[in-house]
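Scroll down for the structure; my scribbles are underneath it.
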Amino acid sequence: MVRVRFAPSPTGYLHLGNARTALFNYLFAKHNNGILVLRIEDTDAERSKKEYETAIMEDLKWFGVKWDEGPDTGGENGPYRQTERLGLYRQAAEKLLQEGKVYRCYCTREETEERNRRAGKNESAGYDNFCRDLSPQDLGRYEREGRKPVLRFRVPGKKVEVNDLVRGQVVFEPGSIPDFVIMKSDGLPTFHFAVVIDDCMMKITHVIRGEDHLSNTPKHIMLFEAMGFDIPGFAHMSMTLGRDKTRLSKRHGATSVRAYRDEGYLPEAFFNYIALLGWGTAESQDIFSPEELVREFSIERCNKSNAVFDPEKLLWMNGLYMRKTTPARILNLSLPYLKEAGIAGDGETEEKMHYLEKAVSLEQEKIKLLKDVPYHIGFFVKEPVYEEKAVSKYLTEKGKEVLGAILTSFEGCEEWSIHDLEARVRDFCEAKGYKAGEVFHPLRVALSGKTTGPGLFEMIEHLGRDKTLERLKKWSA
RNA sequence: GCCCCCAUCGACUAUUGGUUAGGUCACCACUCUUUCAAGGUGGCAGGAGGGGUUCGAAUCCCCUUGGGGGCGCCA
């Protein structure tokens, strides 16, 4: 049984790069009929916040990553928050201490750096094993000084091989990894230790994570070995970068899943686009349903090189999914934005909802973001926002004259159907010798405030007789 | 400073020893059209550099360069 995990730290909103890691874990799990575990790595008491934990779970669910075991679902391998597992880590650490595989270290960071400096090494050269074999006297002296020790792992002097599912065999030579801390002086485990204990106890078979952890993996493997645990498979995914090929950060604009959700991206578009970052099929297919992705996904086809996140392609893909979905769904999802714009309120009548839905369907092919829906359909409900350039170009003296004449014609229109309306306008043009554009453009601007929009006669029909005549009167000479 | 990873159009990628190096986004042109989109057609554009191996290299090896990551009592 394949068991994988996604293990975020609740220190901020879900980041795009982490979202991709979560997605790949999910796809791998589902492809293999396995289990996805959500584990909250909240041992950093300073930065971890409960609200972020909630937000991360919401955002994962939003774009379609569902886990089988996690803090909210419970499960036999829990608890799923590291702060609720502290006893487990202490127990394991105690055992390692008994076995002499870890030792107490009393050095401060400053002391270590100072010694490194004096030894002519780089400050960040790593720990110098100062406390590795402290005499009982030294130990006692430090304790009497009131120093609180950390527990350091006694790194064996042999090479470590990582057999990575995407990178192949990666070898770390002896001496390249200094003795590292597994338990902090406050009694909390470090990331490296907690991860290994948890992955083992949660029966994780494959560790799929970002490449930023590749250099840490030998530490984890040594810990697995020291504790006699089975070593899981590892797969280190390439990183997600910004346009300038540096790590995705605020400089690149929105980097959280939440931000994209708020802008009005469709979850399936986000899901699809993110899956394409660092993974592809032999056919270079671009559009996948979630089911297809689950079926097609494989670790072997994951790219080794980093991928640049391209908001433009995401936007294009979102437009594509907008066109694929139903107007009713777009309407429902854009309700918050419509409310904010004063176009729809709570508990609208069925009639109004139908009216809005039709308006959405007329504009659907142009909608790229849910956030933009009010801009596109607002004039159907509220007084148009007249764009200055449109008015000065088309609602000229001559334009107003034309509108006045059209008004007369429309007033006599009883059926108010696309056909009737169009016939009237075309007859009018012919009778008065106007070119189509001389009439169409002023009409559109007077009714919608914009030079762009749906088909003119569909628009007039849907706008209705009253609003049409009223707006024409306003702009007639 | 030490260690690790990576390298195909501007971006995402396909091509795993023999291809006019393919697709998608973006961009440009044309087309459709009452507008804007969407659609259709076409175009621009790529193997980082240098050495090998081979009849033949984007593909295998080495070096250089460039980019990314790690070396915390952060995760």
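Proteins come first, then strands; the chains are lettered A, B, ... in the order of their sequence lines, and each starts at number 1.
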query = Which value, in whole Å, describes the distance between the P atoms of nucleotides rU34(B) and rC12(B)?
reply = 41 Å
inquiry  = Distance check, P atoms only: rU64(B) and rG72(B), in whole angstrom units.
reply    = 26 Å
note = Under a 3.5 Å limit on both distances, the Watson-Crick or wobble mate of rA7(B) is rU65(B)
task = Under 4.0 Å between any heavy atoms, over every strand shown, what does Ser238(A) touch: base, sugar-phosphate, or nothing? Just pick one.
result = nothing
key: Pair Tyr386(A) + Trp475(A): ring centers closer than 6.0 Å   = yes
task = Using the six-membered ring of Phe379(A), assess whether NZ or CZ of Lys467(A) lies under 6.0 Å from its centre and within 45 degrees of the ring axis.
result = no
remark   = Of Phe172(A) and Tyr273(A), the one whose nearest nucleotide on RNA chain B sits closer to the 5' end is Phe172(A)
query = When every nucleotide of nucleotides 64-75 of chain B is labelled 5' to 3' by its protein contacts under 4.0 Å (heavy atoms), B for base, S for sugar-phosphate only, - for none, what sequence of letters results?
reply = ---SBBSBBBBB
key: Six-ring centre of Tyr434(A), Lys432(A) cation under 6.0 angstrom, axis tolerance 45°   = no
Arg243(A) NZ/CZ over Phe309(A) ring centroid, <6.0 Å and within 45° of normal = no
task = Between protein and nucleotides 22-37 of chain B, map the contacts as a letter string: B base, S sugar-phosphate only, - none, heavy atoms under 4.0 Å, written 5' to 3'.
result = B-BSS-------BBBB
message = Distance check needed: rC4(B) C1' versus Glu161(A) CD, whole Å only.
response = 15 Å
request  = Using the C1' atom as the reference point in each nucleotide, state the distance between rC28(B) and rC9(B) in Å, no decimals.
outcome  = 15 Å
request  = Taking atom P in both rU19(B) and rA38(B), compute the distance separating them and give it to the nearest angstrom.
outcome  = 37 Å
ask   = Atom CG of Asn272(A) and atom P of rU13(B): how far apart are they, to the nearest Å?
value = 14 Å
request  = Look at the side chain of Thr246(A) and the backbone N and O of Gly242(A), then say whether any donor-acceptor pair between them is shorter than 3.5 Å.
outcome  = no
ask   = Given that both distances must come in under 3.5 Å, which nucleotide forms a Watson-Crick or G-U wobble pair with rG42(B)?
value = rC28(B)
Ring-face cation contact, Phe24(A) with Arg20(A), 6.0 Å cut, 45° max = yes
query = Counting side-chain heavy atoms from C-beta on, which of rC12(B), rC5(B), rA11(B) comes nearest to Arg243(A)?
reply = rA11(B)
query = Can the ring centres of Tyr265(A) and Phe270(A) be said to be less than 6.0 Å apart?
reply = no
task = Using atom CG of Leu277(A) as one end and atom C1' of rC12(B) as the other, report the distance to the nearest whole Å.
result = 7 Å
ask   = Roughly how many Å is it from CG in Leu315(A) to P in rA38(B), rounded to a whole number?
value = 10 Å
inquiry  = With a 4.0 Å cut-off on N to O distance, would you call Arg109(A) and Glu113(A) a salt bridge?
reply    = yes
key: rC62(B) and rA14(B), which share atom name C1', separated by this distance in whole Å   = 28 Å
ask   = Which part of the nucleic acid does Val171(A) contact within heavy-atom distance under 4.0 Å: base, sugar-phosphate only, or nothing?
value = sugar-phosphate
Spacing of Arg167(A) atom CZ relative to rC3(B) atom C1', expressed in whole Å = 15 Å
query = Ring centres of Trp279(A) and Phe288(A) under 6.0 Å apart?
reply = yes
query = Which nucleotide, in any strand shown, forms a Watson-Crick or G-U wobble pair with rU34(B), with both distances under 3.5 Å?
reply = none
request  = In whole angstrom, give the distance that lies between atom NZ of Lys304(A) and atom P of rC12(B).
outcome  = 17 Å
message = Using the C1' atom as the point on both nucleotides, what is the distance between rC36(B) and rA21(B), in whole Å?
response = 37 Å
key: Span that lies between the P atom of rG49(B) and that of rA26(B), in whole angstrom   = 29 Å
request  = Measure centre to centre between the rings of His192(A) and His220(A), then say whether the value is under 6.0 Å.
outcome  = yes
message = So Arg301(A), base contact, sugar-phosphate only, or nothing? Heavy-atom distance under 4.0 Å.
response = sugar-phosphate
inquiry  = Please tell me whether Phe457(A) and His462(A) form a close aromatic pair, meaning their ring centres lie under 6.0 Å apart.
reply    = no
key: Separation between the P atoms of rG42(B) and rU24(B), rounded to whole Å   = 10 Å
